[in-house]
J.: 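Quick one: structure below, then a few questions.
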Protein chains: 2
Amino acid sequence: MARAGVTVERLAEAAAELADEVGLEKVTVSELARRFGVKDASLYSHIRNAHQLRVRVAVLALAELADRGAAALAGRAGKDALVAFANAYRGYAKEHPGRYTAMQVELDPETAKASAARRHSDMMRAILRGYSLAEPDQTDAVRLLGSTFHGFVSLEQAGGFHHHPRGADESWGRVLDTLDVALRNWPTHEGDADASSTP
Amino acid sequence: MARAGVTVERLAEAAAELADEVGLEKVTVSELARRFGVKDASLYSHIRNAHQLRVRVAVLALAELADRGAAALAGRAGKDALVAFANAYRGYAKEHPGRYTAMQVELDPETAKASAARRHSDMMRAILRGYSLAEPDQTDAVRLLGSTFHGFVSLEQAGGFHHHPRGADESWGRVLDTLDVALRNWPTHEGDADASSTP
DNA sequence: CGCCTTTCCTAGGACTCCTAGGAATATACA
DNA sequence: TGTATATTCCTAGGAGTCCTAGGAAAGGCG
């Protein structure tokens with residue numbers, strides 16, 4: 001009998017596909033072994049435990065999404081870049097819900113440093129070049145972008161927008177418009193720094 | 001031998017405390033039974049299954065957080081209301097990480113309708129009265145607020161802000177400033193509607 | 001006091017995670 | 001080519017969780 005040809009890479013890839021199909025919490029060592037035609041105990045020469053399996057999915061997803069983000073960003077600047085990147089982010093989450101969920105697991109510091117997490121914040125900083133923000137505002141803006149993207153996608157995935165006629169796509173477009181305006185009118189120092197409104 | 005006095009309410013409360021202590025994924029029927037001094041099989045006269053246990057924690061948390069939000073909102077308007085509500089939200093998540101995580105599980109439509117989820121969006125709409133937005137902009141703005149709050153808290157909880165000197169509190173304050181400015185300068189119609197920047 | 005409902009029990013099956021130790025297969029090197 | 005070594009995969013089994021079935025004790029009610 002030939003060997004099944006299990007490698008860590010193929011394992012992570014299969015786990016990611018499984019996660020997209022049935023949800024991350026159903027990504028189990030046993031089920032994965034079943035898909036490779038192998039006994040579950042055999043997988044423990046490749047992975048430490050079930051948790052590490054999910055971590056590998058997270059790392060895989062971070063890298064994939066970073067690639068998509070980079071492709072979306074290429075040749076764009078300003079609001080164009082912002083929208084393209086945001087759509088890449090949301091599109092990936094729609095296409096790969098399990099991988100996206102996996103991205104939310106907390107990585108230990110070493111794994112986090114070896115992951116593509118840094119590329120993500122670097123790309124957001126690249127977007128912000130179109131808005132000329134100095135530190136520490138740049139860091140704050142990166143966190144605003146990350147929070148808004150992740151928050152929207154997360155709520156959408158949890159079905160939070162289903163119970164209302166207004167479509168999620170329209171809201172998403174409006175949120176991006178608003179982010180663009182907010183970044184251009186970034187509050188300069190303490191409190192308010194703008195005109196209009198509040199009679 | 002007297003009975004243990006298990007009720008659905010005490011069960012949900014204990015599950016919520018357990019979730020805050022050890023994380024939602026470790027909230028198990030067996031562990032809960034152990035804490036009540038009862039065999040695990042005994043709990044199935046009170047709950048349908050393990051998943052429903054987590055759903056009950058979610059419903060409990062939604063109600064608690066709605067109460068806090070309402071208290072924070074009382075007597076405030078405009079940016080004051082925005083900041084107070086946002087801080088209530090973030091504070092609850094910090095205080096009750098397990099409950100907060102539970103809030104993210106997807107509820108079936110009936111449960112969702114019976115939950116305090118509606119109160120949450122109502123309160124956000126109340127905040128927006130200080131910014132005079134008509135539909136559908138109001139719905140979009142509610143989604144922006146929800147996304148930003150949840151996204152920030154979620155990333156913070158996942159340790160996403162630890163690897164940078166800039167404190168999360170400062171960024172949070174800045175994010176709220178920015179939201180306030182964004183709501184006051186809400187982009188009126190198609191695309192841009194503002195001055196400044198983009199040379 | 002006897003009846004009925006609810007709560008809790010024992011028993012057990014199915015599944016997952018993971019370890020230990022051994023067998024089979026591929027690879028490297030003489 | 002043949003043999004040593006490393007890796008992959010196996011069987012066996014323990015521990016833990018989820019959940020069902022059916023029965024026994026505890027409390028409430030006529």
Side-chain angles (χ1 to χ4, degrees), chain A residues 1-60 98-99 101-102 104-108 111, chain B residues 1-60 98-99 101-102 104-108 111:
Chain A
M1 178 79 87
R3 295 193 181 179
V6 177
T7 66
V8 184
E9 289 76 22
R10 290 189 56 199
L11 220 45
E13 185 63 42
E17 272 166 35
L18 185 56
D20 287 337
E21 286 170 24
V22 301
L24 186 67
E25 73 287 347
K26 294 219 183 74
V27 172
T28 183
V29 177
S30 319
E31 175 61 31
L32 215 52
R34 228 167 278 134
R35 296 208 167 191
F36 276 92
V38 150
K39 298 296 171 185
D40 60 346
S42 304
L43 295 190
Y44 288 89
S45 7
H46 303 278
I47 55 166
R48 211 193 316 278
N49 52 38
H51 178 250
Q52 179 152 65
L53 198 60
R54 278 155 220 164
V55 168
R56 288 198 185 280
V57 176
V59 171
L60 175 75
R99 286 160 153 100
T101 305
Q104 256 41 65
V105 311
E106 33 199 332
L107 308 177
D108 55 299
T111 312
Chain B
M1 181 76 89
R3 295 192 181 179
V6 177
T7 67
V8 184
E9 289 77 21
R10 291 189 57 199
L11 219 46
E13 184 64 41
E17 272 165 35
L18 185 56
D20 288 337
E21 286 170 24
V22 301
L24 186 68
E25 75 286 348
K26 294 215 184 74
V27 172
T28 184
V29 177
S30 318
E31 175 60 31
L32 215 52
R34 228 168 277 133
R35 295 208 167 190
F36 276 93
V38 150
K39 298 295 172 187
D40 60 345
S42 305
L43 294 191
Y44 288 89
S45 6
H46 302 279
I47 55 166
R48 211 191 316 275
N49 53 37
H51 178 250
Q52 177 153 66
L53 197 60
R54 277 153 220 166
V55 168
R56 288 197 185 281
V57 175
V59 171
L60 175 75
R99 286 161 154 99
T101 304
Q104 255 40 64
V105 312
E106 33 199 332
L107 308 177
D108 55 299
T111 313

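Just so it is clear: chains get the letters A, B, ... in the order the sequence lines come, proteins before strands, and each one is counted from 1.
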J.: Any side-chain heavy atom of B:Arg56 within less than 4.5 Å of one from B:Leu11?
T.: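 Side-chain contact under 4.5 Å: no.
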
J.: Let me see the working for B:Thr101 and B:Gln104 under side-chain contact (heavy atoms from CB on, under 4.5 Å), right down to the final yes or no.
T.: CA-CA 6 Å; B:Thr101 304; B:Gln104 255 40 64; 5.6 Å; no

J.: So A:Leu18 and A:Glu31, side-chain contact (heavy atoms from CB on, under 4.5 Å) or not? Walk me through it.
T.: CA-CA 9 Å; A:Leu18 185 56; A:Glu31 175 61 31; 3.7 Å; yes

J.: Can you name the closest pair of heavy atoms from B:Asn49 and B:Gln52 and give their distance?
T.: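 B:Asn49 and B:Gln52 have their closest heavy atoms at OD1-N, 2.9 Å.
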
J.: Sugar-phosphate means primed atoms, P, OP1 and OP2; the rest is base. With that split, encode nucleotides 5-18 of chain D 5' to 3' as B, S or - using protein heavy atoms under 4.0 Å.
T.: --BSBBBB----SB

J.: Are any of the side-chain heavy atoms of A:Val55 and A:His51 separated by less than 4.5 Å?
T.: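 With C-beta onward as the side chain, the pair touches.
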
J.: Between B:Arg35 and B:Glu21, is the salt bridge (charged side-chain N to carboxylate O under 4.0 Å, His left out) condition met? List the steps.
T.: CA-CA 13 Å; B:Arg35 295 208 167 190; B:Glu21 286 170 24; 3.0 Å; yes

J.: Please work out which residues in residues 16-26 of chain B have a non-hydrogen atom less than 4.0 Å from an atom of DNA chain C and list them by number.
T.: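 Result for residues 16-26 of chain B: none.
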
J.: Could you go through B:Arg99 and B:Glu13, starting from their C-alpha distance and side-chain angles, then the distance that decides it, and tell me whether this counts as salt bridge (charged side-chain N to carboxylate O under 4.0 Å, His left out)?
T.: CA-CA 10 Å; B:Arg99 286 161 154 99; B:Glu13 184 64 41; 3.1 Å; yes

